[in-house]
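First the structure, in the form of structure tokens, and then the observations on it.
One-based numbering along the sequence shown.
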Amino acid sequence: MLSAEPQQKIAAAKAAYQQGDHAKAAELWQNLALEGNATAQFELAKLYSLGHGVEQDALQAAYWLEQAASASTDFAESAKAQRDIANGVTQLKAQQQAAETAAAVPVKPAAARVTPAVAVVTPTTVPNTPPPSVATVTVAAAAKTAPAQKKSGPELPVKALADARFDTGLRAFERQNYAEAFSHWYPLAETGLVDAQFNLAAMYANGYGINSDQLAAARWFSAAAEQGMAQAQYQLAVAHANGKGVAQDDALAVYWYQKAAEQQYSLAQYNLGFMYANGRGVTQDDTSALLWYERSAEQGDVDAQFIVAGRYQDGRGAKVDVNKAIGWYQRALAQNHSRAAFQLAQFYLQGLGVAKNESRAFDLFSRAASQGVAEAQREVGISYSLGRGVRNNDSKAVELLQQACDQQDMTACYYLGVHVTEGRGIKADAARGMQLFLQAAKAGNAETQFRLGQMLSQGQGVAVDEVAAYNWFLQAAKQGHAQAQYLTGLRLANGTGVTQNDAEAVKWYRLAAAQGVLYAQYNLGFMYGAGRGVPQDDAQALIWYIKVAEQGDADAQFNLGLRFETGRGARQDDNQAVVWYQKAAAQNHQRAIAHLGYMYEKGYGVSLNERKAFELYQQSLDAKVPRALTALGLFYKNGRQVKADDKKAVELFAQAAEQGYANAQYNLGWMYEYGRGVSKDLVKARDLYQLAAAQSEPLAQAQLSRLLNP
């Protein structure tokens with residue numbers, strides 16, 4: 001959603017890129033990409049493809065492009081991004097030399113990793129034990145990779161085979177005498193010594209003593225891989241995944257990853273999990289992805305442990321299992337994984353899978369915050385602000401919130417704005433507070449957008465601006481903010497700050513109602529009952545009123561009682577009417593009390609009890625319910641349950657008559673006709689009878705006929 005994009009940060013990233021500061025652009029886009037911003041994901045994919053600001057990595061590029069494409073509905077944008085990446089890669093390859101390094105790539109959660117090939121210290125023995133039972137991989141290419149065509153000869157002088165010694169070469173390598181190491185290993189590699197083949201591949205891959213040659217590296221990795229060496233199989237898989245020295249081929253990458261993974265090679269297990277997770281070279285399969293990530297995690301890979309925890313938490317590849325998620329987060333935490341600390345803190349904060357412990361949550365948030373995790377800095381700041389798990393300290397709250405805000409955590413900017421506006425822990429500065437709110441709101445923070453809407457609608461520190469208020473509510477509503485959806489609907493229904501539109505109001509009421517917003521559910525019932533924005537439908541209105549009434553809302557309980565009493569939208573049922581009137585009356589709902597009095601007076605749904613009815617009518621006087629006022633007036637007129645008092649009766653009849661209640665108009669007319677509680681006045685009596693008769697009040701029609709036809 002365009003309105004939700006952090007435009008300032010995107011603009012800063014683009015400016016940094018244009019100025020040649022690719023690393024800064026990568027840092028900004030990386031943070032946004034991890035938050036799910038599609039634009040940043042597209043840009044990050046380009047950077048990984050071109051090697052701008054980050055090490056070139058086709059796998060990372062493809063990963064972020066897929067993430068962006070899955071989140072975007074703009075297919076033209078997606079296609080353009082893919083073309084840009086492809087063109088960029090073509091230009092880069094034309095500029096680069098044939099030799100490239102195989103240096104390590106920074107590890108990112110849920111992304112494949114690449115590690116440099118290094119010389120082995122001792123000859124490697126391939127295990128003879130059978131591999132564990134795993135899902136097999138069907139490769140639509142040759143089952144094995146043939147070595148690339150051999151060059152005409154070695155690049156450096158080599159020993160005669162009889163003089164070549166692996167250990168002598170290793171000692172030379174450790175002294176960085178690469179030419180000597182090469183001279184011993186090359187002839188041994190040609191005879192098939194697997195460790196010599198692997199170490200020779202590492203020299204070519206990293207350019208140790210010779211020009212980097214990815215083609216030669218792939219040839220020797222392939223030779224060692226064919227002999228079953230797990231490290232070589234892993235490196236060959238990486239080469240196929242990234243197209244280094246061999247054609248890019250995800251299916252063959254998967255094949256070799258699985259070969260190494262079955263030998264318990266942790267990095268291969270991790271990357272095989274990545275390939276299944278993203279459908280690279282195999283059909284996307286969360287179950288298999290979890291299986292391989294978990295095997296890597298069991299061997300102590302901290303990033304795999306974190307990923308496995310998240311998958312059990314979200315139910316990806318297995319049923320949701322909070323206990324397993326917590327267990328894996330704890331194992332990652334033991335290796336000082338900062339985001340594992342943050343995630344565990346959330347469990348303790350919410351009491352999910354563990355006893356709620358705000359103090360423990362604070363400690364874990366603090367641990368992650370000290371490692372620079374912006375979200376953790378924000379939560380520590382909020383904890384200090386609210387006194388959550390730690391004693392309130394507004395100054396520290398401001399310090400931590402500022403740190404997180406500086407890292408573009410917009411929720412932190414919002415809370416910082418609250419402190420700055422209210423002068424808590426920092427000198428009050430309304431202008432800066434508003435600047436922080438606007439920064440967060442424009443960057444797409446829904447809570448801040450909602451707050452701005454409230455400020456503008458209520459004139460809190462700013463002039464009232466209903467149009468601007470509506471627009472901010474709308475922006476927050478589009479991001480799923482439940483209260484903003486309700487207020488957007490309310491403003492559309494009332495035409496506040498926007499053109500009145502009942503159909504749009506109903507749309508937003510529905511969205512808010514689905515999130516459990518009580519008033520939205522109530523208003524949706526009203527819209528169905530009144531036929532506003534939807535076809536009139538009493539049955540639907542009743543459904544929503546019941547939802548609200550069952551949650552304890554007194555207005556909804558009263559309306560539900562009224563519908564059961566009148567049979568409107570529900571089967572007429574006095575007993576049910578009384579039940580709901582009583583629930584609302586228990587919350588001192590005055591109109592419900594008045595209607596409950598009527599039920600007792602008539603004996604509808606309860607045993608007739610005039611004394612109870614009289615008491616209820618008295619309790620509801622402030623509500624001025626016409627039916628109750630009229631009934632109470634009759635009690636005073638006739639001296640039932642109270643001493644007769646014509647003046648009091650007239651007063652009560654008048655209050656109801658002023659509201660257009662026909663029976664009250666008739667009774668007040670009768671009092672004027674016979675001079676009861678007022679001076680006799682036949683003209684006023686006639687006028688009141690006429691008003692009541694116009695509403696088809698039969699007694700008034702009879703009295704009027706008698707007066708006009710003596």
Side-chain angles (χ1 to χ4, degrees), residues 31 35 306 309 313 322-323 325-327 329-441 443 445-452 454-455 458 460-461 481-483:
N31 291 335
E35 295 171 5
F306 180 76
Q313 182 179 350
V322 173
N323 291 328
I326 291 172
Y329 281 136
Q330 288 173 332
R331 290 176 69 170
L333 177 65
Q335 296 193 65
N336 207 31
H337 195 289
S338 61
R339 297 206 66 85
F342 176 77
Q343 292 296 334
L344 272 175
Q346 297 280 21
F347 281 100
Y348 280 104
L349 185 64
Q350 300 167 26
L352 183 62
V354 292
K356 185 173 182 179
N357 188 331
E358 292 182 345
S359 178
R360 174 63 174 155
F362 174 79
D363 290 342
L364 289 165
F365 281 139
S366 297
R367 181 169 173 175
S370 68
Q371 295 175 268
V373 178
E375 299 97 314
Q377 293 169 341
R378 176 195 71 215
E379 292 301 325
V380 173
I382 293 173
S383 294
Y384 276 122
S385 177
L386 302 178
R388 187 183 69 186
V390 66
R391 182 174 295 179
N392 168 262
N393 188 322
D394 286 333
S395 296
K396 286 188 175 180
V398 168
E399 178 187 344
L400 270 296
L401 291 170
Q402 184 69 64
Q403 290 177 20
C405 183
D406 288 344
Q407 290 200 62
Q408 304 301 310
D409 186 300
M410 291 304 145
T411 302
C413 294
Y414 162 71
Y415 279 100
L416 181 61
V418 172
H419 275 264
V420 171
T421 301
E422 298 177 358
R424 292 173 49 200
I426 191 171
K427 184 179 179 180
D429 188 337
R432 186 185 172 214
M434 179 58 73
Q435 183 181 20
L436 285 163
F437 287 145
L438 286 170
Q439 176 187 351
N445 183 269
E447 190 61 43
T448 314
Q449 292 168 341
F450 178 71
R451 170 74 177 247
L452 276 177
Q454 288 182 310
M455 293 174 67
Q458 299 169 16
Q460 296 176 353
H481 193 290
Q483 289 295 329

Next on the checklist: Closer than 3.5 angstrom, by distance alone: can the side chain of Arg367 be matched with the main-chain N or O of Leu333 as a donor-acceptor pair?
Outcome noted: yes
Item to check | Side-chain donor-acceptor contact under 3.5 Å, Arg432 with Thr421 | outcome: no
Checklist entry - Counting N and O atoms only, with roles assigned by atom type, does the side chain of Gln377 sit under 3.5 Å from a partner on the main chain of Cys405, one being a donor and the other an acceptor? => result no
Item to check | Sole residue of Val373, Asp409, Leu416 in side chain to side chain contact (heavy atoms under 4.5 Å, CB included) with Arg378 | outcome: Asp409
Next on the checklist: By the definition ring-ring contact (aromatic ring centres under 6.0 Å, His included), identify the one residue from Phe365, Phe362, Tyr415 that meets it with Tyr384.
Outcome noted: Phe362
Next on the checklist: If I compare all heavy atoms of Val354 with all of Phe347, which pair ends up nearest, and what's the gap?
Outcome noted: CG2-O, 3.7 Å
Next on the checklist: Please check this pair: side chain of Arg451 against backbone of Ala446, looking for a donor-acceptor N/O pair closer than 3.5 Å.
Outcome noted: no
Item to check | Under 3.5 Å: donor-acceptor pair, side chain of Gln449, backbone of Ala441 | outcome: yes
Checklist outcome for this item: Of all heavy-atom pairs linking Tyr329 and Gln313, the shortest is OH-OE1, 2.7 Å
Checklist entry - Between His419 and Val398, is there a donor-acceptor pair closer than 3.5 Å when you use the side chain of the first and the backbone of the second? => result no
Checklist entry - Hey, does the side chain of Asn392 reach the backbone of Ser385 with a donor-acceptor pair shorter than 3.5 angstrom? => result yes
Checklist entry - Among side-chain atoms of Gln402 and Asp406, is any donor-acceptor pair under 3.5 angstrom? => result yes
Checklist entry - Parallel under 30°, tilted from 30 to 60°, perpendicular over 60°: which one fits the rings of Phe450 and His481? => result parallel
Checklist outcome for this item: Of all heavy-atom pairs linking Thr411 and Asn445, the shortest is OG1-ND2, 3.0 Å
Item to check | Donor-acceptor contact below 3.5 Å, side chain Gln343 vs main chain Ala325 | outcome: no
Checklist entry - Does the side chain of Tyr348 reach to within under 4.5 Å of the side chain of Leu364, using non-hydrogen atoms? => result yes
